[in-house]
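Contents: one structure, followed by commentary.
Per chain, numbering begins at 1; letters A, B, ... match sequence-line order.
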Amino acid sequence: MIGHIQELIENALEHLQAKGEFDLENIPTINIERTRDKKHGDYASNVALTLAKPLKSNPRAIAEKIISELASSSHVSRVEIAGPGFINFYLTNACRLQVIKRILKLKEDFGSSKLGEDQKITVEFVSANPTGPLHVGHGRGAAFGSSLTNILKKVGYDVHAEYYVNDHGRQMDILATSVWLRYLELCGEPITFPTNGYKGDYIVDIARCVRSKYGDDLRHAQSEVFAQVSPDEPAGGSKEQHIDDLIVNAKDILGKGYQKIFKKALDSILSGIENDLEDFNVHYDEWFSEKSLHKGDTIERAMAKLAESEHLYKKEGALWFNATHFGDEKDRVVMRENGLKTYFASDVAYLLNKFERGFEKSIYVFGADHHGYIPRLKAATKAMGFDADKIDILLIQFAHLFKSGKKVPMTTRGGQFVTLKELVSEVGCDASRFFYVMRSHEQHLDFDMDLAKSQSNDNPVYYIQYAHARICSIMRKLTEQNMMHNVEIGHVAVELLVEEQELDLIKALSQYPEVIEKAATSYAVHTVANYLRELAQLFHSYYNAHQVQVDNENLRNARLNLCLATRYVLADGLRLLGSSAPEEMRPEDRKET
RNA sequence: GCGCCCGUAGCUCAGUGGAUAGAGCAACCGCCUCCUAAGCGGUAGGUCGCAGGUUCGACUCCUGCUGGGCGCGCCA
């Protein structure tokens, strides 16, 4: 419709130009937008305002000339000038009502588009180190990334959702060593657990699994384990050195046994993460292993690419990438003096891998604390000769969890935190998914657990679901009374929908494709949540003001069509956000909170 | 110190150059003989952090200031 109006104006401008009324160097791109206020019609253009300057004339006069040259259209009922010189377009009722037929035909495909042209893109999100269960801090990235993936698919991208698994490096060694030490404790060895080890209870659980599988096979004497280990921090030493020494000993003493523990720890935590995310309705196409980059030659090739473009240099024994050349604040080490590659080297290799897999766009969803990564990833992209516009890095601001009015700490050093699993089991998947994405990802979020749990009118997700359930209920009642919903009768009688609430609801429905498209192009998942709330609001108002099941068969079917169309959009929108659309919600099912 | 993000109603937030700045919650007043009251209608609530600038037009863009969050290792 926007394109149609654009065309009308464009033609009018060309006529005016040809008649010599206007003297423009070129026809500008014409901006058409939905009006916010229905008193301003359905669509408005500011074209006369923008032309005021080049034409050196007043906007209202220009608008008048444009209107006089507008060709008549079967979709437009009225055009008027308003305010400083806006041109407002009113659609014909027939045109407005078409959307119902369209939705009933397309069903849940309404709002889908070919915007993405089937381009291969990837969205990487969460990617938390597999050193422990996911906590509520990861939940926002998971909810956002998953919803974004759904939305991008909806507009026609071939989206590959990916989790980058940091299954390589020192943190994993600390994990494996922590498990081993807990295992030794279970065997009865007197162990002083290192300050820098992972202290969560889940480590003990894994150690127990190791013990039940291997018995005492991996047991070694405390004296051997701690032989030549420098003192821990409480004993006046360095906690970093202490844990590193323990890792060296663990690898030495255990040999192949170390890999067994390592693998057990990784598998156990990773499958826990996978399960937690599945329960959170978050699905991945790929769990990408960092180790696979080390096993293959991707890192070498990535480094070679950087070297080729002469962006690598040696300093103080280490190998550096000159990121400052591309605007980063400092150069970055890719290989340490001890010959080990840094995480950044893996990141560059992963980047190369994404380009090699032919993704047109790689979207990274990072926590706000990772904002320092943007310049260096962009720098590496450019240095390898790729288009930096092909990577988009989104920062998710922190969510603060509130419980009983008090802020709940997200993580603590001691390994105590609210896990995602706990959140989902306490609040439920639907409400927690919705709460995480109902605010802009660029905004700090206060997550009120009590509100999310409350199954009441305070809770926006239930409000939306309730609208859906009400429609389902209308349909059920109909069947109980042996009345038929005849869609064709409804289509023919569509002009009977004249109530204000009906027209408002119809208008909102017709906006769904635009909302989805805008959410996709600007990565603004929360706009879908806002839209659904508005749509539910309009439906509830309508429901209260007018009866759907009326005696008049024509009107009844027209209204049923409208309800059904609303239902499709509500269900699809909820699906995009990872929430369900229940067909029945009973007040007596509510849990008192 | 440097860099990134944020400041809109009592609270939590929408509003990515347009018309009279909007929702929800909290407050107050109403609505079930009628398809689910997890609902609806109404009232009240604002110096869009402050000061300049760009523009026909600024909550929106630019600069400075101010308040808050986060980040600045051969850590992961």
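A:Glu584 comes within contact range of at least one nucleobase, with a heavy-atom separation under 4.0 Å. Looking at heavy-atom distances under 4.0 Å, A:Asn129 makes contact with sugar-phosphate atoms alone, never a base. Here A:Leu445 lies in heavy-atom contact (under 4.0 Å) with sugar-phosphate atoms only. At the heavy-atom level, A:His40 lies under 4.0 Å from base atoms of the strands shown.
Side-chain proximity of A:Tyr462 to B:A19, B:A38, B:C40: nearest is B:A38. Taking every side-chain heavy atom of A:Arg470 into account, B:A37 is the closest of B:A38, B:A37, B:G24. Residue A:Ala44 has its side chain nearest to B:A19 when only B:C74, B:C35, B:A19 are considered. Between B:C35, B:C40, B:A19, one nucleotide has an atom nearer to the side chain of A:Gln549 than all others, and that is B:C35. Minimum atom distance to the side chain of A:Arg476 is reached by B:U36, of the listed B:U36, B:C13, B:A19. Checking B:A14, B:C40, B:C35 against every side-chain atom of A:Gln547, the shortest atom distance belongs to B:C35. Across B:C74, B:A14, B:U16, the shortest atom-to-atom separation from the side chain of A:Lys518 is found for B:U16.
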Across nucleotides 3-8 of chain B, 5' to 3', mark each nucleotide with B, S or - according to how protein heavy atoms within less than 4.0 Å reach it. BBSS--

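For A:Ser473 against B:U36, a side-chain-to-base donor-acceptor contact under 3.5 Å is absent. The base of B:G71 does not come close enough to the side chain of A:Asp369 for any donor and acceptor atom to sit less than 3.5 Å apart. With hydrogens and angles ignored, a donor-acceptor pair under 3.5 angstrom links the side chain of A:Asn88 to the base of B:A19.
Interface residues of residues 559-571 of chain A facing RNA chain B, ordered by number: none; criterion, heavy-atom separation under 4.0 Å.
Checking A:His526 against A:Tyr543, the closest nucleotide of RNA chain B that is more toward the 5' end is the one next to A:His526. When each of A:Gln171 and A:Ile474 is assigned the nucleotide of RNA chain B with its nearest heavy atom, A:Ile474 is the one assigned upstream, toward the 5' end.
Spacing of C1' atoms, B:U66 relative to B:C56, comes out at 32 Å, to the nearest Å. B:G17 and B:G1 have their C1' atoms separated by 36 Å, with the value rounded to a whole Å. B:G41 and B:C5 have their C1' atoms separated by 40 Å, with the value rounded to a whole Å. With both ends at atom C1', the span from B:A58 to B:C2 equals 30 Å, rounded to whole Å.
A heavy-atom distance below 4.5 Å is not found between the side chains of A:Leu175 and A:Phe262.
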What dot-bracket string describes RNA chain B from 5' to 3', counting Watson-Crick and G-U wobble pairs whose defining distances are under 3.5 Å, with [ ] for crossing pairs and | for pairs to another strand? (((((((..((((....[...)))).(((((.......))))).....(((((..]....))))))))))))....

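Classification of the A:Phe321-A:His311 ring pair by plane angle, with boundaries at 30° and 60°, yields perpendicular.
A:Tyr466 does not qualify as a stacking partner of the B:G39 base, lacking a centre-to-centre distance under 5.5 Å together with planes within 30°.
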